[in-house]
Number of protein chains: 2
Amino acid sequence: MPLTDSPAKPHDHSLCIEDALGQARLICEQRNVRLTAIREQVLGLIWQSHKPIGAYDLLEQLAKTHHAAKPPTIYRALEFLQDNGLIHKIESQNAFLGCAHVGGHHHGQFLICTICGTAQEIDEKIVSSALENASQAHGFRIQSFVIEIKGLCATCQDL
Amino acid sequence: MPLTDSPAKPHDHSLCIEDALGQARLICEQRNVRLTAIREQVLGLIWQSHKPIGAYDLLEQLAKTHHAAKPPTIYRALEFLQDNGLIHKIESQNAFLGCAHVGGHHHGQFLICTICGTAQEIDEKIVSSALENASQAHGFRIQSFVIEIKGLCATCQDL
DNA sequence: GGCGGCAATGATATGATATAACAATATCAA
DNA sequence: TTGATATTGTTATATCATATCATTGCCGCC
């Protein structure tokens with residue numbers, strides 16, 4: 001069962017990527033949307049790292065094989081991937097990350113290490129229900145949320 | 001007791017502003033840092049709205065009375081105000097908001113209305129302890145966090 | 001008071017992130 | 001095949017943010 005839940009643990013990351021791409025193809029087929037070559041390539045580039053990656057860094061990578069790539073090329077692919085729940089944007093870094101829980105509801109919770117830069121996506125019921133309770137207490141109805149927790153991952157604490 | 005906890009409730013907002021500026025002067029005196037004219041003016045401009053405001057919108061306002069104002073002018077003031085816990089940045093909007101709980105620890109929790117744009121700062125123990133629990137479960141040590149909840153405020157739900 | 005050091009601001013330039021608008025091409029169903 | 005729609009190409013520009021160095025202001029110290 002690849003798509004390891006922890007970027008901190010060592011693992012064969014090429015399996016993560018293949019798995020993510022495989023899931024993406026399935027999802028897109030189910031949703032009847034087109035995972036075109038550009039979109040798939042961008043998703044692959046995003047999955048090559050457990051760190052969020054910026055749009056212009058992606059562009060630089062993409063441009064190596066796709067000479068015509070320009071900012072809109074990347075941003076369109078990113079928009080598509082977000083709309084279909086395949087990636088998340090880390091708002092506090094203007095950077096993008098593969099979604100570790102495709103298919104589910106789509107607001108992530110992220111643990112972002114301030115040393116190594118990895119971002120681990122979690123999906124903790126205790127967090128979402130706390131948000132729900134707190135919001136209700138203020139008469140507020142949730143549509144979505146941004147949860148970005150900064151600190152030290154297990155590995156970097158031991159350095 | 002001004003500095004109302006809910007921008008949704010009607011209130012005399014000029015009191016909010018005066019109160020915020022008064023608190024800011026106190027804090028800066030205590031911390032032995034200078035709340036200069038520019039910094040105070042920027043803080044006042046930020047407090048004129050319960051909506052997060054962008055740096056260039058602030059610049060436009062500031063420039064009306066301060067002809068020399070340029071982007072660095074604003075960003076320096078914003079940095080100072082953030083460093084001293086007087087404002088927050090809303091990461092998902094690249095915009096700034098007065099801090100409703102000056103003096104305390106400094107990561108906010110925000111309820112942001114997708115209709116009217118107001119952002120209410122809350123400080124719910126249930127949320128912070130849920131984040132703490134969830135992080136610990138993953139061996140992660142929290143340094144700070146970004147919590148931005150989007151949805152409908154009480155007022156806009158009734159429209 | 002004047003002088004030296006540091007904090008704050010001025011000024012210019014540029015970097016980094018993101019989108020608008022329209023043209024050209026590809027895909028696919030009828 | 002053709003027409004409708006989605007995708008990509010292309011150019012330009014909007015928006016957000018910082019680097020750098022010069023100048024000014026503040027304040028303690030002699």
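Here is how names work: the chains are called A, B, and so on, in the same order as the sequence lines, proteins then strands, and each is numbered from 1.
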Could you tell me whether a side-chain N or O of [X] sits under 3.5 Å from a main-chain N or O of [Y], the two making a donor and an acceptor?
X	Y	result
B:T114	B:G151	yes
A:Q157	B:G139	yes
B:K89	A:S92	no
A:R39	A:L81	no
B:Q109	B:E124	yes
A:D19	A:L15	no

Tell me whether the OP1 or OP2 atom of [N] has a side-chain N or O from [X] closer than 4.0 Å.
X	N	answer
B:K89	D:dA17	yes
B:N94	D:dA17	yes
B:H66	C:dG10	yes
B:T36	C:dA7	no

Calculate the interatomic distance between [X] atom [atom1] and [N] atom [atom2]; express it in whole Å.
X	N	atom1	atom2	result
B:N84	C:dA7	CG	P	14 Å
B:I53	D:dA17	CD1	P	13 Å
A:L78	D:dT8	CG	P	12 Å
A:D57	C:dA18	CG	P	11 Å
A:I38	D:dA6	CD1	P	17 Å
B:E60	D:dT15	CD	P	11 Å
B:L58	D:dC16	CG	P	11 Å
B:E79	C:dT9	CD	P	12 Å

key: Flag for A:Q82-A:H88: side-chain donor and acceptor within less than 3.5 Å   =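 No, no side-chain donor-acceptor contact under 3.5 Å.
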ask   = Is a side-chain donor-acceptor pair under 3.5 Å present for B:H13 with B:H50?
value =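 Yes - a donor-acceptor pair under 3.5 Å links their side chains.
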task = List the atom of A:E91, the atom of A:E148, and the distance in Å for their closest heavy-atom pair.
result =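 Closest approach of A:E91 to A:E148: N-OE2, 2.7 Å.
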Footprint string (nucleotides 19-30 of chain C, 5' to 3'): B base within contact, S backbone only, - free, heavy atoms under 4.0 Å = BBB-----S---
key: Between the first and last five pairs of the helix from C:dG1-D:dC30 to C:dA30-D:dT1, the angle of the axes, rounded to 10 degrees   =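 Axis angle across the helix from C:dG1-D:dC30 to C:dA30-D:dT1, nearest 10°: 20°.
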task = Could you check whether A:H67 gets within reach of a base, just the sugar-phosphate, or nothing at all, counting any heavy atom under 4.0 Å?
result =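 Nothing: the residue A:H67, judged by heavy atoms under 4.0 Å, touches no strand.
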